[in-house]
Colleague: 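Got a structure for you, written out below as structure tokens; questions coming shortly.
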Amino acid sequence: MNVADVPILSIITFLPLAGAILVALIPRRMVGATRAAALGTALLAWVFSLFLLLGYVPDRPGFAGFQYQEVVDWIPVFGIQYKVGVDGLSVALVILTTTLTWISILASFGPIKERVKEYMASFLVLEVGMIGVFVALDLFLFYIFWEIVLVPMYLIIGIWGGANRIYATIKFVLYTLVGSLLMLVAILATAFVFQAATGSWTGAFDYESLRAFSGSVGFSDTFQLFAFLAFFLAFAIKVPMFPFHTWLPDAHVEAPTAGSVILAAILLKLGAYGFIRFALPLFPDAAATFAPAIIALSLIAIVYGAIVALVQPDLKKLVAYSSVSHMGFVTLGIFIFQEQGMQGAIVQMISHGLITGALFLLVGVIYERTHDRLIAKMGGLAAPVPVYAATLGFFVFASAGLPGLAGFVGEFLVLVGAYAYSPWVAAIAALCMILAAAYLLWMFQRVAFGEVSDFLRSLGHHLTDMRPVEILTLVPLGTLVVVFGLFPGLLLELVQGTVVSVLHDVGAGTAINLFFWQ
């Protein structure tokens, strides 16, 4: 049987939900069985996601649309469908999601000792929402999955987080909910405009129909401006772009380790994915109009995030603010409307997920032993825990953009695209690479080298090196960082169709907006 004939997207999307139900049925006292069921489900979803690569054809003539499509009428009276499908961008992000989910669940075996059943069920439901966002081709369905993500992450931070978890999780929910509700209004308005123009609800929420409508009849300029702003706010909060980033450090610091991994590696990508998938193709004229302002905000985020990370005393906050800086590269690459820039943005999305996810895992490893994250207390780690220090060094260099690793490829392509757009934009963005090296290497020097601190000495035999399970969670991430660093064409070929089609939709955006920077 051909892979394309199997409803593989529905299997990948809802298999974690079946696993969550199974976990809920396991008696509370059977903690080992609960963990095994959750990990087994996540691994199975990961295996199925790899099958997407078997039948996917990345280099189709022109852009023939989405593959593995499944379409079922859901609310026919309003033209709402259960419609899913993937292109290269979706495939890459689905596999990234399933990979990091099983790694995060495995990494939770040690730290999470209370309410294990609820935790594992929440994590699996979270996976359902994340995958659903990346495969939904109906705007109403997309919104449902977008909101599903919010609930389990609220629980993961609010129940298993740190001392200020309630403040952090409520702030996270309020920020996200405001943007989501505005996006819902824009989705409904878009459907009503389509229905008024065509006289039918058929296709009113269908992404491909709306995209074709935008490219032919088109939405009015005024409508595009307001609809784009609503979508922009929802996606900018999730990225998060400056100045909507203030929820992120609190959520990261208070979330359990695995929650921080998913938050940085996947949830931030939902916003960037939304820009590429929905905001640009549906409202191209408005995207071109607002591009200079968004580029300016991206540059501020790049520099601001790096400077704030430079002065952070807390290891976890440093990694969190580095995410603000690195995600600024993603939005910059998207809105300069250049092929290399868009390619770099997508590669940066994937590499940031791998590298920052690994850095949060490493922060969790040392926190589990020391119950502290202050950089000043960690001096001389290389002596008592050399494997940990070496692993941390590898991912620090990857995050700093060392050539040969995935982090370098994305930032370099964005800089190439930015230079083609405007040398001034590229010059400002390049400053981040210097600042990134500064805050990351300075942190590593203080943590790993020098004399062993009195704080670490006081821990005695409790300060042990990495365990096999902890190494296992990091080996896949390190391998992919090297593979995509040495062979970026594997990823670039996969997403080329997406890049070409989106840039075709926005058309002459660059020509319109270049004057802003010259």
Side-chain angles (χ1 to χ4, degrees), residues 1-23 37-60 63-74 80-105 123-146 148-149 205-208 262 265-266 269-270 273-274 276-278 346 349-350 353 476 480 490-491 493-498 501:
M1 179 182 294
N2 194 313
V3 177
D5 297 330
V6 178
I8 190 167
L9 294 182
S10 292
I11 293 172
I12 297 168
T13 303
F14 294 107
L15 184 60
L17 180 60
I21 295 172
L22 174 62
V23 165
L39 179 60
T41 301
L43 282 169
L44 194 57
W46 173 66
V47 170
F48 275 110
S49 71
L50 296 179
F51 279 111
L52 291 176
L53 295 172
L54 294 180
Y56 186 80
V57 183
D59 191 20
R60 307 181 85 172
F63 183 74
F66 293 85
Q67 300 175 42
Y68 299 109
Q69 284 200 31
E70 302 169 32
V71 184
V72 178
D73 287 336
W74 183 16
I80 297 174
Q81 300 174 310
Y82 170 79
K83 182 176 181 180
V84 294
V86 291
D87 61 357
L89 175 62
S90 301
V91 169
L93 290 172
V94 166
I95 294 176
L96 179 69
T97 301
T98 57
T99 301
L100 282 160
T101 299
W102 75 257
I103 288 174
S104 298
I105 288 175
F123 232 97
L124 291 172
V125 173
L126 178 62
E127 184 178 18
V128 173
M130 293 186 297
I131 295 173
V133 165
F134 295 137
V135 302
L137 293 180
D138 180 280
L139 264 67
F140 190 80
L141 181 67
F142 166 78
Y143 178 77
I144 296 297
F145 282 123
W146 180 273
I148 285 174
V149 169
F205 291 90
D206 177 58
Y207 169 70
E208 291 184 296
I262 293 298
I266 308 298
K269 309 307 177 295
L270 300 186
Y273 173 82
I276 298 172
R277 174 66 70 240
F278 298 104
I346 295 174
M349 287 166 66
I350 303 300
L480 290 173
L490 296 173
L491 189 55
E493 181 184 3
L494 184 65
V495 303
Q496 184 61 22
T498 304
S501 65

Colleague: Please enumerate all residues that pass side-chain hydrogen bond (donor to acceptor under 3.5 Å, both in side chains) together with Asp138, with sequence neighbours excluded.
Modeller: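 Not a single residue meets the side-chain hydrogen bond (donor to acceptor under 3.5 Å, both in side chains) criterion with Asp138.
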Colleague: OG1/Thr99 to CH2/Trp46 distance, rounded to the nearest 0.5 angstrom?
Modeller: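 Rounded to the nearest 0.5 Å, the OG1-CH2 separation comes out at 6.5 Å.
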Colleague: With sequence neighbours left out, what residues match Trp146 under ring-ring contact (aromatic ring centres under 6.0 Å, His included)?
Modeller: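 Once residues adjacent in sequence are excluded, the partners of Trp146 under the ring-ring contact (aromatic ring centres under 6.0 Å, His included) criterion are Phe142, Phe235.
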Colleague: Are the side chains of Ile276 and Met349 in contact, using a 4.5 Å heavy-atom criterion?
Modeller: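 Yes; the side chains approach each other to less than 4.5 Å.
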Colleague: Minimum heavy-atom separation for Leu124 to Ala20, with atom names?
Modeller: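 Residues Leu124 and Ala20, closest heavy atoms: CD1-N, 3.5 Å.
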Colleague: Closest approach of Val86 and Tyr56, non-hydrogen atoms and distance?
Modeller: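 So the minimum-distance heavy-atom pair works out to O-CE1, 4.0 Å.
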Colleague: Do Leu480 and Leu96 have side chains that approach each other closer than 4.5 Å (heavy atoms only, starting at C-beta)?
Modeller: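 Not in contact.
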Colleague: For Ser104, which residues count as a side-chain hydrogen bond (donor to acceptor under 3.5 Å, both in side chains) partner, sequence neighbours excluded?
Modeller: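 So Ser104 forms no side-chain hydrogen bond (donor to acceptor under 3.5 Å, both in side chains) with any residue.
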Colleague: Please examine the side chains of Leu93 and Ile350, heavy atoms only from C-beta on, and report whether any two atoms are closer than 4.5 Å.
Modeller: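 The answer is yes; the side chains approach within 4.5 Å.
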Colleague: Side chains of Phe51 and Val47, heavy atoms from C-beta outward: is any pair under 4.5 Å?
Modeller: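 A side-chain contact under 4.5 Å exists here.
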Colleague: Which residues pass the side-chain hydrogen bond (donor to acceptor under 3.5 Å, both in side chains) test with Glu70, sequence neighbours left out?
Modeller: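 Scan of Glu70 (side-chain hydrogen bond (donor to acceptor under 3.5 Å, both in side chains), adjacent residues dropped) gives Ser10.
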Colleague: Considering all heavy atoms of both residues, which atom of Ala265 and which atom of Leu100 are nearest to each other, and what is their separation?
Modeller: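 For Ala265 versus Leu100, the nearest heavy atoms are CB-CD1, 3.3 Å.
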Colleague: Looking only at heavy atoms, which two atoms of Phe145 and Ala136 are closest? And how far apart?
Modeller: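 Smallest interatomic distance, heavy atoms only, reads CD1-CB, 4.3 Å.
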Colleague: Parallel, tilted or perpendicular: which one describes the rings of Tyr207 and Phe278, with boundaries at 30° and 60°?
Modeller: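 Judged by the thresholds at 30° and 60°, the geometry between Tyr207 and Phe278 is perpendicular.
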Colleague: Identify the two heavy atoms, one from Val128 and one from Thr13, that lie closest to each other, and give their separation to 0.1 Å.
Modeller: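 In terms of heavy atoms, the two residues are closest at CG2-O, 3.4 Å.
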Colleague: Taking the side chain as every heavy atom from C-beta outward, state whether Gln81 and Asp206 have any atom pair closer than 4.5 Å.
Modeller: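 SC-SC contact between Gln81 and Asp206 confirmed.
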Colleague: Find out whether Leu44 and Phe48 are in side-chain contact, i.e. whether some heavy atom of one side chain is under 4.5 Å from a heavy atom of the other.
Modeller: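 Sidechains of Phe48 and Leu44: in contact.
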Colleague: Would you say Ile131 and Leu9 make side-chain contact, with heavy atoms under 4.5 Å?
Modeller: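 The answer is no, as the side chains (C-beta and beyond) never meet within the 4.5 Å cut-off.
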Colleague: For a quick test of reading the model, state the closest non-hydrogen atom pair linking Pro16 to Thr41 and the distance between them.
Modeller: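 Of all heavy-atom pairs spanning Pro16 and Thr41, the closest is CA-CG2, 3.8 Å.
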Colleague: State the OG1-CD1 distance between Thr101 and Ile266, to the nearest 0.5 angstrom.
Modeller: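 One finds 6.5 Å between OG1 of Thr101 and CD1 of Ile266.
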Colleague: State which residues pass side-chain hydrogen bond (donor to acceptor under 3.5 Å, both in side chains) with Lys269; sequence neighbours excluded, sorted by chain then number.
Modeller: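 By the side-chain hydrogen bond (donor to acceptor under 3.5 Å, both in side chains) rule, Lys269 matches His352.
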Colleague: So Ile12 and Leu52, do their side chains get closer than 4.5 Å, heavy atoms only?
Modeller: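 Yes, at least one pair of side-chain atoms sits under 4.5 Å.
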Colleague: Which residues pass the ring-ring contact (aromatic ring centres under 6.0 Å, His included) test with Tyr273, not counting sequence neighbours?
Modeller: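 Listed in chain order: Phe134.
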